[in-house]
*Asks:* 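Pasting in a structure now, in structure tokens, and then I'll have a few things to ask.
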Amino acid sequence: MYTQHGGTDVLTLAERPVPEPGPGEVRVRVRVSGVNPTDWKTRRGLTATGEQVEQVPNQDGSGVVDAVGEGVDPARVGERVWLWLAAHGRPNGGTAQEYVVLPERHAVALPDNASYELGAALGVPALTAHRCLTVADGGPARLAPGALDGRTVLVAGGAGAVGNAAIQLARWAGATVVATVSGPRKAALAKAAGAHHVVNYRDQDAAQQIRAVAPDGVGIVVEVSPAVNAGLDVAVAAPNAVVAFYANNGGDTVTLPVRASMSPNLRWQGVLLYTVPEEALAHAVADVSAAVADGALRVGEEAGLPLHRYPLDKTADAHAAVEGNAVGKVLVEVSAD
């Protein structure tokens with residue numbers, strides 16, 4: 001946990017009483033905690049509100065329900081679950097701890113065929129990817145096999161956690177997927193995730209390469225670096241396309257060609273999971289769960305998302321790895337049983 005904003009040195013290991021779930025809540029014995037960029041940014045105070053700081057970090061995780069509060073079905077005890085936005089608005093709700101109490105809807109059943117590592121890798125990346133893939137004019141608002149049939153999706157940063165989830169979800173939904181990357185290693189990861197075509201965005205003819213496989217343009221762009229890629233996105237966008245951007249990698253300011261964005265009715269859509277409408281969040285959780293049950297979401301090198309594991313007492317090192325742009329998914333192994 002931490003009680004002040006700062007570097008990884010503010011993270012400390014503390015002994016605390018095992019919490020009891022209240023009405024509508026479950027207690028989960030955490031097996032694996034997932035680390036995302038939002039976790040270290042919050043720790044550093046980049047999203048601070050000026051309120052008193054005391055926080056158990058990490059939004060995502062997986063584990064087993066071991067107690068339930070009033071109004072929750074007792075049959076949930078023993079259920080394997082994946083956790084999402086565990087720490088948002090809850091100082092003691094982060095997943096970097098052995099036991100966490102949170103509203104039951106934030107603990108979602110994890111199929112037996114899915115590992116705890118996969119469960120901890122869902123949350124922020126998969127729900128963000130879902131939102132990016134469902135904000136286009138005319139939908140779809142939901143993802144399922146066939147929902148994106150006939151669509152071409154461009155995923156910028158196909159080797160990142162959100163990019164990896166976007167590739168897998170888009171493939172599951174029937175889209176043709178093009179991913180952009182910065183080099184051969186990341187190209188191999190994007191291909192392993194399921195991208196049909198991979199382009200190095202640094203190539204001078206990157207737009208031509210994308211247009212060669214999508215002559216009518218790309219309908220949905222899942223964008224990690226709008227400041228860097230805006231020109232490329234405009235060059236390959238189809239009429240009425242949407243560029244859904246969820247990060248500010250490469251810069252905080254975007255310069256857009258006005259006429260080139262106006263003519264095709266191109267829409268630039270910001271995506272931040274914390275402020276996504278509740279109905280859209282509920283759809284995302286349900287659809288991601290369905291994709292997991294179908295075996296469409298995977299983790300590991302063979303799925304384009306290498307895993308980096310740290311024990312609980314090395315959570316600071318896990319945060320440092322994510323802050324240092326580790327390629328793949330950083331996990332904290334909290335408990336073994």
*Asks:* Do Asp233 and Asn229 meet the criterion of a side-chain donor-acceptor pair at a distance under 3.5 Å?
*Replies:*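 No, Asn229 and Asp233 have no side-chain donor paired with an acceptor closer than 3.5 Å.
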*Asks:* Rounded to the nearest 0.5 Å, what's the gap from CG on Asn248 to CD on Glu223? Could you check?
*Replies:*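 Output value for this atom pair is 11.5 Å.
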*Asks:* Taking NZ, NE, NH1 and NH2 as the nitrogens, is one of them in Arg90 or Glu25 under 4.0 Å from a carboxylate oxygen of the other?
*Replies:* no
*Asks:* Between Leu148 and Ala170, what is the shortest heavy-atom contact and its length?
*Replies:* CD1-CA, 4.2 Å
*Asks:* Give every residue pair that meets the ring-ring contact (aromatic ring centres under 6.0 Å, His included) criterion with at least one member in residues 101-149, sequence neighbours excluded.
*Replies:* Trp84-His106
*Asks:* Are the side chains of Val30 and Tyr99 in contact, using a 4.5 Å heavy-atom criterion?
*Replies:*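 No - every pair of side-chain heavy atoms lies 4.5 Å or more apart.
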*Asks:* Pick from Leu83, Val288, Leu127, Val285: which one makes a side chain to side chain contact (heavy atoms under 4.5 Å, CB included) with Leu122?
*Replies:* Val288
*Asks:* Should Val234 and Ser261 count as side-chain neighbours, where that means a heavy-atom distance under 4.5 Å?
*Replies:* yes
*Asks:* Under a 4.0 Å threshold between the charged nitrogen and the carboxylate oxygen, would Arg27 count as salt-bridged to Glu98?
*Replies:* no
*Asks:* Tell me which donor-acceptor pairs under 3.5 Å the side chains of residues 311-318 have, and how far apart each pair is, sequence neighbours excluded?
*Replies:*
residue	atom	partner	partner atom	Å
Thr315	OG1	Leu312	O	2.6

*Asks:* Quick one: CG on Leu307 to NZ on Lys329, what's the gap to the nearest 0.5 Å?
*Replies:* 9.5 Å
*Asks:* Mind listing the closest non-hydrogen atom pair of Ser33 and Thr95 along with its distance?
*Replies:*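 So the minimum-distance heavy-atom pair works out to OG-OG1, 2.6 Å.
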*Asks:* Got a second to check how far Asp9's CG is from Tyr2's OH, nearest 0.5 Å?
*Replies:*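 So the CG of Asp9 and the OH of Tyr2 are separated by 13.0 Å.
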*Asks:* Which value, rounded to the nearest 0.5 Å, describes the distance between Gln269 atom CD and Thr134 atom OG1?
*Replies:*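 Atom-to-atom, Gln269:CD and Thr134:OG1 are 9.5 Å apart.
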*Asks:* Heavy atoms, side chains only, cut-off 4.5 Å: are Ile210 and His197 in contact?
*Replies:*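 Contact flag for Ile210/His197 side chains = no.
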*Asks:* Using the side-chain contact (heavy atoms from CB on, under 4.5 Å) rule, take Asp137 and Val242 through it: C-alpha gap first, then chi angles, then the decisive distance, then the call.
*Replies:* CA-CA 8 Å; Asp137 287 334; Val242 61; over 6 Å; no
*Asks:* Would His319 and Asp39 count as a side-chain contact (heavy atoms from CB on, under 4.5 Å) here? Give the steps.
*Replies:* CA-CA 8 Å; His319 271 229; Asp39 298 315; 4.0 Å; yes
*Asks:* Using a strict 4.0 Å threshold on nitrogen-to-oxygen distance, state whether Glu278 and Arg105 make a salt bridge.
*Replies:* yes
*Asks:* Do any N or O atoms from the side chain of Asn36 and from the backbone of Thr38 form a donor-acceptor pair under 3.5 angstrom?
*Replies:*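 No; judged by distance alone, with no hydrogens or angles, the pair does not exist.
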*Asks:* Which is it for Ser225 and Phe245 under the side-chain contact (heavy atoms from CB on, under 4.5 Å) test, yes or no, and what are the steps along the way?
*Replies:* CA-CA 7 Å; Ser225 185; Phe245 57 96; over 6 Å; no
*Asks:* Under a single-linkage definition using a 4.5 Å side-chain heavy-atom cutoff for Ile, Leu, Val, Met, Phe, Trp and Tyr, are Val32 and Tyr310 assigned to the same hydrophobic cluster?
*Replies:* no
*Asks:* Under 3.5 Å, is there a donor on one side chain and an acceptor on the other for Arg16 and Asn92?
*Replies:* yes
*Asks:* Indicate yes or no: at least one non-hydrogen side-chain atom of Asp66 is less than 4.5 angstrom from one of Val28.
*Replies:* no
*Asks:* Quick check: is Val153 connected to Val224 through a chain of hydrophobic side chains (ILVMFWY, heavy atoms under 4.5 Å apart)?
*Replies:* yes
*Asks:* Can any side-chain N or O of Gln55 pair as donor or acceptor with the backbone N or O of Pro57 at less than 3.5 Å?
*Replies:*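 Pair absent, no side-chain N/O of Gln55 close to backbone of Pro57.
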*Asks:* Is it the case that the side chain of Lys191 and the backbone of His196 share a donor-acceptor pair, with hydrogens and angles ignored and the cut-off at 3.5 Å?
*Replies:*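 A pair under 3.5 Å: yes.
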*Asks:* When you check the gap from the basic side-chain N to the acidic O, do Asp287 and Arg142 get nearer than 4.0 Å?
*Replies:*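 Looking at Arg142 together with Asp287, the answer is yes, because their closest N to O distance falls below 4.0 Å.
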*Asks:* Any donor-acceptor pair under 3.5 Å linking the side chain of Arg171 with the backbone of Ala296?
*Replies:* no
*Asks:* Taking a hydrophobic cluster as the set of Ile, Leu, Val, Met, Phe, Trp and Tyr residues connected by side-chain heavy atoms closer than 4.5 Å, whether directly or through intermediates, do Val155 and Val221 fall within one such cluster?
*Replies:* no
*Asks:* Quick check: does any side chain N or O of Arg31 sit under 3.5 Å from a backbone N or O of Ser62, one acting as donor and the other as acceptor?
*Replies:* no
*Asks:* Carefully, step by step, assess Leu46 and Trp40 under the rule side-chain contact (heavy atoms from CB on, under 4.5 Å).
*Replies:* CA-CA 9 Å; Leu46 301 182; Trp40 71 257; 4.0 Å; yes
*Asks:* First locate atom CG of Leu281, then atom CG of Leu85, and finally report the distance between them rounded to the nearest 0.5 Å.
*Replies:* 7.0 Å
*Asks:* Can you tell me how far apart OG1 (Thr42) and CD (Gln59) are? Round to the nearest 0.5 Å.
*Replies:*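 Rounded to the nearest 0.5 Å, the OG1-CD separation comes to 6.5 Å.
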*Asks:* Can you check whether Ala303's main-chain N or O pairs, donor with acceptor, with Asn164's side chain at less than 3.5 Å?
*Replies:* yes
*Asks:* Do the non-hydrogen side-chain atoms of Leu189 and Pro306 ever get within less than 4.5 Å of each other?
*Replies:*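 Counting from C-beta outward, Leu189 and Pro306 do come under 4.5 Å.
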*Asks:* Between Glu323 and Arg44, is there a side-chain N and carboxylate O pair less than 4.0 Å apart?
*Replies:*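 Here Glu323 pairs with Arg44 in a salt bridge, since their nearest N and O are under 4.0 Å apart.
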*Asks:* With a 3.5 Å distance limit and no angle check, can you tell me whether Asn58 reaches the backbone of Asp60 through a side-chain donor-acceptor pair?
*Replies:* no
*Asks:* Would you check if Ile220 and Leu154 make a side-chain contact, meaning some heavy-atom pair closer than 4.5 Å?
*Replies:* no
*Asks:* Less than 4.5 Å apart, any side-chain heavy atom of Leu256 and any of Trp268?
*Replies:*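 Yes, close enough: below the 4.5 Å cut-off.
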*Asks:* Does a side-chain heavy-atom distance below 4.5 Å link Arg267 with Asn265?
*Replies:* no
